[in-house]
Each structure stands twice: as structure tokens, then as C-alpha cells.
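Okay, structure first, notes after.
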Amino acid sequence: MNKTRRLTTAQALILYLSKQYVSRDGVENPFFVGVWGIFGHGNVAGIGQALQQFSGDIRYYQSRNEQAQVHAAVAYAKQKNRLQTFACTSSIGPGATNMITGAATATVNRIPVLLLPGDIFAERIQSPVLQQLEWEHSQDFSVNDAFKPVSRYWDRIYRPEQVIPALREAMRVLTSPADTGAVTLCLPQDTQAEAFDYPAEMFEKRVWVIPRNRPDRGFVQQAAGWIRESRRPIIVAGGGVHYSEATGTLQSFVEKTGIPVGETQAGKGSLRYNHPLNLGAVGTTGTEGANILAREADLVIGIGTRYSDFTSASKTAFQNPDVRFININVMEFDAYKHSAVPLVGDAKVTLEELAAHLGDYRTDSAYQARATHFNKQWDSEVHRIYNLEHEPMLSQGEVIGMVNTQSRPQDVVLCAAGSLPGDLHKLWRTRDPRGYHLEYGYSCMGYEIAGGMGVALADPEREVYVMVGDGSFLMMNSEIVTMVQEGIKVNIIVIDNHGFASIGGLSKSVGSDGFGTKYRYRDESAGQLTGETIPIDFAKNCESLGAHVFVATTRESFSKALEDAKAIKGKPVCIITETDRRQRVSGYESWWDVAVAEVSDNPEVQQAREAYEESKKKERYHL
């Protein structure tokens with residue numbers, strides 16, 4: 001007879017997770033490093049009990065916000081190149097729906113995370129239970145159905161035995177280089193506690209091999225032919241370069257062919273910042289040289305990029321009428337974009353195969369010299385911005401410069417939203433492939449502090465520098481408490497610019513004068529916001545949560561705070577500084593499509609619309 005083990009659904013699930021491993025290139029490690037969770041009536045007696053029972057097999061981490069715990073898991077998995085992750089559990093109702101934003105962040109960025117929200121009773125006798133959303137057209141419905149569009153795999157477990165095939169499918173998706181993202185298994189609270197005789201082999205160690213898929217040979221030959229015919233090619237390096245661990249392979253390819261590289265937010269760090277053929281950031285938040293060569297390119301080689309509108313400058317970046325595309329991507333959907341030759345496969349092995357077909361092809365020396373000129377020219381501009389000595393308040397570029405200069409090459413800067421990502425994309429000098437961590441697929445405000453915690457857990461030998469504006473800080477700072485509890489050191493640079501500076505600048509550019517973007521008192525008699533800024537004491541806020549706090553108002557005090565912070569161990573550090581929201585880093589040779597009102601009584605909006613219509617003429621549709 002087959003051996004069985006009688007466990008509850010939740011116990012079987014947790015024990016199963018503890019036995020899952022992944023392997024790539026012969027390197028093996030556990031896939032799940034722990035479970036984040038907040039308990040309520042929807043999961044405390046099921047998943048909560050199981051985590052307590054199997055605490056020796058898999059570690060439980062307590063968070064303060066369900067959305068934040070998913071962000072921490074996403075950041076961890078991203079830093080680990082998607083080879084390890086967390087599961088996240090919540091109660092039913094608001095605890096579950098809090099995780100939906102995190103699920104979207106994971107799926108948009110194609111990062112694996114397993115979500116285990118509690119759900120209503122499967123037997124339905126108790127309906128409607130506390131926090132249940134009723135729908136008069138069906139009993140087979142709960143708020144957890146909202147996870148469906150933001151999950152790569154979704155299931156609801158009504159019976160204990162259903163968890164067996166569900167977990168198999170969950171692991172298939174989570175470990176897939178192409179299909180990964182958020183996986184959601186909804187767990188009715190009664191089902192979690194029900195027992196079943198599970199096959200014992202379900203709890204044996206299983207190793208999921210992460211393949212390095214190879215592209216079609218005919219497409220490789222066609223792509224090689226296009227490269228040999230090109231005179232002004234450019235590489236767009238995306239996040240897939242990192243996830244494939246192909247940075248060394250890319251450097252060898254670039255040095256063999258002389259093809260310059262522009263980097264997306266996810267791809268930044270694919271080449272060291274001062275490599276002579278690194279043009280830096282490309283697209284809407286790009287550098288002058290990268291965007292000029294992109295505009296002129298006769299061939300674009302996209303590696304691990306999905307060509308977001310920031311990368312393609314809303315389809316205006318590549319203006320050569322004869323431009324062609326080659327896309328290297330594990331995901332067929334992305335490989336076919338821009339009518340490209342689709343090299344559907346792993347970035348590392350595909351680059352190796354492609355290089356073998358190029359013979360002695362190399363761009364001419366004048367083209368390479370031009371790329372090198374742009375690299376050095378931009379580095380001079382970065383140096384200027386780093387050393388502005390703007391008064392009376394610091395500029396954001398100066399703050400970035402001091403963090404970059406005083407951190408070690410292997411340290412990590414992390415950000416997600418506001419004006420900081422654009423400035424970091426252009427200004428941060430990447431000296432290590434894993435030293436730049438931007439969540440810009442979903443650009444989710446609130447990711448930063450929780451994400452910093454995830455990176456610190458993933459790579460404890462590196463110092464983590466979270467750069468966060470006051471807007472994102474106020475949205476979600478709860479995980480400072482979690483860092484204190486877990487003894488996690490993260491340096492949090494809180495930039496106080498009195499509101500939503502990024503969207504304020506965008507508002508001005510579309511003629512709306514920053515409406516609704518500053519933190520100001522409301523004058524009820526006038527029916528509008530006054531000019532007086534709300535004084536928020538971020539230092540006291542951070543201190544009350546348990547962080548070590550520095551307040552810096554000058555270059556000297558900010559620099560000293562960075563140095564003093566290095567000596568602090570085992571707890572988060574917050575450095576509070578005020579910056580001038582009017583001092584901005586310009587865009588270079590690029591555009592972003594944000595629709596402007598077609599009709600308005602405001603002359604500034606009318607002017608913005610005229611400029612918008614002119615820019616729209618440059619958009620190209622690559623069929």
C-alpha cells in the first residue's frame with residue numbers, strides 16, 4: 001500500500017513548501033526561504049497553526065502591512081534573480097485585498113511570489129461571515145476573485161486533496177523563466193483546518209530545474225545576418241540580463257562586436273557605468289547619448305526588455321525609417337514586439353550562440369569612438385550635478401551624488417516612485433551588477449521601505465540605501481518596526497520636498513500648475529489650499545518607530561550622517577533631508593506621452609496641448 005501522512009490542508013501546504021528546491025547551472029538552493037504573514041480569523045487556525053507546527057522547517061516573518069510583506073518578498077526574489085522567494089499569507093477580506101497591489105507589482109515585474117489569502121467558508125453554512133462580500137448572482141465568489149487579473153496562476157482550494165495538483169501547478173509557474181509572477185491560492189478557512197491522508201511522497205525533497213532555453217537556430221542565423229548588415233546598432237539591456245546572470249556574457253559580446261548599450265531601469269548595471277560602450281539610461285529618463293544613438297539606430301537588439309513606454313519614449317525613441325529589431329527574451333510575447341526577429345530563449349546562452357555566428361563582425365571605430373565620447377560627456381554632467389552646491393536647500397542630484405560617492409561599489413540603492421527613479425536612472429554610477437534596484441514596472445509608491453528590507457534579507461553583506469520621497473514614506477513606513485523586530489539594518493534616505501514633487505512637475509508641464517500636489521493647509525474661507533506648508537516631523541516619526549535618526553540640512557551634515565550611519569548595526573537608520581523641489585534634472589532628447597486636455601479655458605493647458613500634438617507626430621507603430 002502507498003504510504004500516507006494525515007495532515008490538515010494548511011499543514012500539508014506548509015510542509016510541501018519547505019521541501020521545494022530549485023537548481024540552475026548545477027547550483028541548488030531552497031526556493032522558499034520563509035513565509036510572511038499577518039494572522040486573523042481567516043488564517044490563524046489553519047496556516048497560522050501549520051507555521052507554528054513546522055517552524056523548524058520553514059521560518060515565519062511577522063509584517064505590519066499585507067501589501068508591504070508582498071513588496072518585501074518581491075524585492076527579495078528580484079535581488080536573488082528569481083531563484084528564491086517567500087510565500088505571504090493573510091486573513092480574509094481587507095487583509096487579502098491589501099495584497100492585491102503587491103500581486104500586481106510582482107506580476108508586472110515578472111517576479112515570483114506565492115500568495116495565500118484566507119477565504120470564506122467552503123461549506124457556506126455560516127454565510128455571510130465577517131468581512132465577506134456577498135454577490136447575489138453566485139455563492140462561488142469572494143473578494144479574492146480580484147486577484148485573478150494580477151496573478152499568473154489562481155486557484156481556490158475547496159477540498160483538502162485539491163491542494164495536491166494546485167501546488168504542482170503553482171510551482172510550475174513560479175519557477176518558469178517566462179510565466180512567473182504572482183501565484184494566488186485562495187484558502188477557505190474551514191478547508192485550511194480539514195485533514196486528509198496525503199501521499200508521503202508529496203513531502204519528499206523536489207528540485208525544480210530552471211532551464212536555459214535556447215532560441216530557434218534559423219532565427220539565430222537571421223539575426224546574425226541582420227547584425228552583420230548593420231552600421232549603427234544599439235543594444236537595449238533590460239532586466240532579463242540580470243535574471244539570466246548574463247552581465248559577463250553581455251560585456252564579452254559588446255567588446256567583441258563594438259555595439260554600444262543603453263540600459264532600462266531593470267537593466268541598469270548590465271555594464272559598469274564607465275565602460276566605454278555604456279551609454280547609460282535609455283528612453284524617457286535617458287541620457288543624451290543613449291537617446292541620440294537610439295534615434296539614429298538602424299538595428300535595435302533588445303535583451304530581456306518588454307519595451308515599456310519609458311524605454312521606447314512612448315514609441316518615439318527609434319526614429320530611423322529603416323530600423324529593425326532583434327529581441328532576446330524568454331517570453332515569446334516580448335520577443336515578438338516591434339516586428340522583431342524573435343530569439344525566444346535565455347539571455348546568456350542566446351548571446352553566446354549569437355556571438356558564435358558573427359564571425360569577425362565589429363562596428364567601425366568612429367561609431368565606437370562616438371559612443372565613448374557620449375559616455376565620458378555624460379559622466380562629466382553627472383559630476384557637475386553631484387557637486388552643484390545648490391542653496392539654500394540641497395538639490396536631489398546632490399543627495400544622490402553623496403549617497404553614490406560614499407557607498408561601496410557592492411552596496412544597493414533602492415527606489416520605486418516619484419522623481420527619484422528618473423534622476424537615479426540618469427545619475428547613479430553603477431559599479432556592481434546587483435547594486436541598483438528599481439521597481440519601475442509598476443512604480444509602486446510604498447514599495448521602497450518594505451523592498452529595502454527584502455533586499456537586506458537577501459544580501460545581508462551589502463548596505464542597502466533606500467531613497468524615498470515624503471509622499472511614498474507617508475504611504476507606507478510601517479516596516480521600519482519590522483526591521484527593528486528582526487534586527488535588520490537598512491539606510492532610509494527620506495527626501496522631504498513637501499508633497500508629490502514628480503507629479504507636481506508633470507502637472508506644470510500639462511498646464512495645471514502643480515494642482516493638488518503640495519502638502520499645504522486648507523483655507524476654508526477661501527475654499528482652497530493656502531501657501532503655508534504642513535510641518536511634518538519625519539525625524540520624530542522615524543524615531544518613534546524605533547529607527548536611529550539623523551537630520552541633515554547641508555552637504556556637510558548629510559555627508560557626516562552617511563558616514564556615521566555606517567557604524568550602526570542591527571537596526572534601521574533614517575536620514576531626513578529637505579530638498580528644493582524646483583531644482584530638477586532635465587530630460588534629454590526624449591518624450592513621454594501623457595495626454596493633455598484637448599479643450600480648456602486655461603491658456604497654459606492650450607499651449608501644452610499644442611506641444612503635445614506636435615510630439616505625437618513622432619510616435620511610430622512597429623507592426
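Predicted, not measured: the structure shown is a model, and the values here were computed from it. In this chain, residues are counted from 1 in sequence order.
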* Is the count of non-hydrogen atoms from other residues, nucleotides or ligands lying under 6.0 Å from Arg408 atom CZ greater than 12? -> yes
* Is there a salt bridge (charged side-chain N to carboxylate O under 4.0 Å, His left out) between Arg24 and Glu245 once you walk through the steps? -> CA-CA 11 Å; Arg24 185 167 71 180; Glu245 298 176 334; 3.3 Å; yes
* Kindly determine whether Arg434 and Asp459 satisfy salt bridge (charged side-chain N to carboxylate O under 4.0 Å, His left out), including the steps that lead there. => CA-CA 10 Å; Arg434 305 310 296 150; Asp459 231 335; over 6 Å; no
* Side-chain contact, heavy-atom cut-off 4.5 Å: Leu17 with Phe31? -> no
* Asked: Would you say Leu545 and Asn477 make side-chain contact, with heavy atoms under 4.5 Å?
  -> yes
* Asked: Is any side-chain heavy atom of Leu438 closer than 4.5 Å to a side-chain heavy atom of His425?
  -> no
* To do: Take Leu187 and Asp119 through the test side chain to side chain contact (heavy atoms under 4.5 Å, CB included) and record every step on the way to the result.
  => CA-CA 5 Å; Leu187 302 171; Asp119 213 324; 5.6 Å; no
* Asked: Is the distance between the ring centroids of Phe121 and Tyr158 less than 6.0 Å?
  -> no
* Asked: For Glu461, does the CD atom sit with more than 12 other heavy atoms under 6.0 Å from it, leaving out its own atoms?
  -> no
* To do: Quick one: pull up OG in Ser176 and CZ in Arg82 and give me the separation to the nearest 0.5 Å.
  => 8.5 Å
* Go through the steps for Cys542 and Ile576 under the test side chain to side chain contact (heavy atoms under 4.5 Å, CB included), then give the verdict. => CA-CA 9 Å; Cys542 294; Ile576 319 298; 4.0 Å; yes
* To do: Look only at the side chain of Thr350 and the backbone of Ala347, and say whether a donor-acceptor pair between them is shorter than 3.5 Å.
  => no
* To do: Any pair with a residue in residues 76-107 that passes ring pair (Phe, Tyr, Trp, His ring centres under 6.0 Å), sequence neighbours left out, goes on the list, sorted by first then second residue, please.
  => Trp36-Phe86, Tyr61-Phe86, Tyr76-Phe86
* Asked: Between Glu439 and Asn109, do the side chains contain an N or O donor and an N or O acceptor separated by less than 3.5 Å?
  -> yes
* Evaluate the side-chain proximity of Val455 to Lys78: yes if any heavy-atom separation is below 4.5 Å, no if none is. => no
* Would you call Ile480 and Ile492 a side-chain contact if the rule is heavy atoms closer than 4.5 Å? -> yes
* Is the backbone N or O of Thr184 less than 3.5 Å from a side-chain atom of Asp155, with the two atoms forming a donor-acceptor pair by type? -> no
* To do: Look at atom CD of Glu123 and say whether more than 12 heavy atoms of other residues, nucleotides or ligands are closer to it than 6.0 Å.
  => yes
* Lys19 charged N/C atom sitting above Phe203 aromatic ring, 6.0 Å / 45° -> no
* Asked: In Å, rounded to the nearest 0.5 Å, how long is the span from CD1 of Ile303 to CD of Glu263?
  -> 11.0 Å
* Asked: Does CD belonging to Glu201 count more than 12 external heavy atoms closer than 6.0 Å?
  -> no
* To do: Determine the minimum heavy-atom distance between Leu351 and Thr249, stating which atoms define it.
  => CB-CG2, 3.8 Å
* To do: Side-chain contact test, heavy atoms from C-beta onward, threshold under 4.5 Å: evaluate it for Tyr436 versus Val412 and give yes or no.
  => no
* Donor-acceptor contact below 3.5 Å, side chain Gln20 vs main chain Tyr16 -> yes
* Within a reach of under 6.0 Å around CD of Gln126, are more than 12 heavy atoms found that belong to other residues, nucleotides or ligands? -> yes
* Asked: Do Lys337 and Pro342 come close enough that some side-chain heavy atom pair is under 4.5 Å?
  -> no
* Asked: What are the two closest non-hydrogen atoms of Ala103 and Val70, and how far apart are they?
  -> N-CG1, 4.0 Å
* Asked: Looking at residues at least two apart in the chain, or sitting in another chain, which of them share a side chain to side chain contact (heavy atoms under 4.5 Å, CB included) with Ala104?
  -> Val150, Tyr442
* Can you tell me how far the CG atom of Asn327 sits from the CG atom of Leu343, to the nearest 0.5 Å? -> 8.0 Å
* Asked: Does Arg462 reach the main-chain N or O of Gln410 with its side chain, forming a donor-acceptor pair under 3.5 Å?
  -> yes
* To do: Would you sort out whether Phe310 and Trp592 count as a ring pair (Phe, Tyr, Trp, His ring centres under 6.0 Å), showing the intermediate values?
  => CA-CA 7 Å; Phe310 264 67; Trp592 183 36; 4.5 Å; yes
* Could you tell me how the ring of His137 sits relative to the ring of Trp135: parallel (under 30°), tilted (30 to 60°) or perpendicular (over 60°)? => perpendicular
* Asked: Any side-chain heavy atom of Ile210 sitting closer than 4.5 Å to one from Pro177?
  -> yes
* To do: Take Gln49 and Val44, measure what side chain to side chain contact (heavy atoms under 4.5 Å, CB included) needs, and give me the verdict at the end.
  => CA-CA 6 Å; Gln49 187 279 329; Val44 67; over 6 Å; no
* To do: With ring pair (Phe, Tyr, Trp, His ring centres under 6.0 Å) as the test, would you mind laying out the steps for Phe550 and His548 before giving the verdict?
  => CA-CA 7 Å; Phe550 298 95; His548 191 103; 5.0 Å; yes
* To do: Please confirm whether the backbone N or O of Thr264 pairs with a side-chain atom of Thr311, one donor and one acceptor, at under 3.5 Å?
  => no
* Asked: Looking just at side-chain N and O atoms, do Gln485 and Arg64 make a donor-acceptor pair shorter than 3.5 Å?
  -> yes
* **Any donor-acceptor N/O pair, Gln265 side chain to Pro421 backbone, under 3.5 Å** => yes
* Asked: Please walk me through it: do Asp197 and Arg6 pass salt bridge (charged side-chain N to carboxylate O under 4.0 Å, His left out)?
  -> CA-CA 4 Å; Asp197 294 320; Arg6 190 161 182 81; 3.2 Å; yes
* To do: Give a yes or no on whether the backbone of Ile568 and the side-chain of Lys489 come within a donor-acceptor separation of less than 3.5 Å.
  => yes
* Asked: Around atom NZ of Lys566, are there more than 12 heavy atoms of other residues, nucleotides or ligands at under 6.0 Å?
  -> yes
* Which value, rounded to the nearest 0.5 Å, describes the distance between Leu414 atom CG and Leu424 atom CG? -> 9.5 Å
* To do: Can you run down the ring pair (Phe, Tyr, Trp, His ring centres under 6.0 Å) pairs that involve residues 449-473, sequence neighbours left out, and say none if there aren't any?
  => Phe473-Phe538
* Taking Gln132 for the side chain and Val129 for the main chain, is one N or O donor matched with an acceptor at less than 3.5 Å? -> yes
* Under the salt bridge (charged side-chain N to carboxylate O under 4.0 Å, His left out) criterion, do Lys205 and Glu28 qualify, and how do the steps go? -> CA-CA 12 Å; Lys205 176 182 176 180; Glu28 181 184 301; 2.5 Å; yes
* To do: For Cys88 and Val113, work out which heavy atoms get closest and say how close.
  => SG-CG2, 4.2 Å
* To do: May I have the step-by-step check of side chain to side chain contact (heavy atoms under 4.5 Å, CB included) for Arg172 and Asp179, ending in yes or no?
  => CA-CA 9 Å; Arg172 175 187 63 80; Asp179 290 337; 4.2 Å; yes
* Distance from Lys268 atom NZ to Thr285 atom OG1, nearest 0.5 Å? -> 9.0 Å
* Asked: Taking the side chain from Asn29 and the backbone from Leu83, do they hold a donor-acceptor pair closer than 3.5 Å?
  -> yes
* Donor-acceptor pair, Ser18 side chain versus Leu15 backbone, under 3.5 Å? -> yes
* To do: Might you confirm whether atom CZ of Phe333 has over 12 heavy atoms from other residues, nucleotides or ligands at distances under 6.0 Å?
  => no
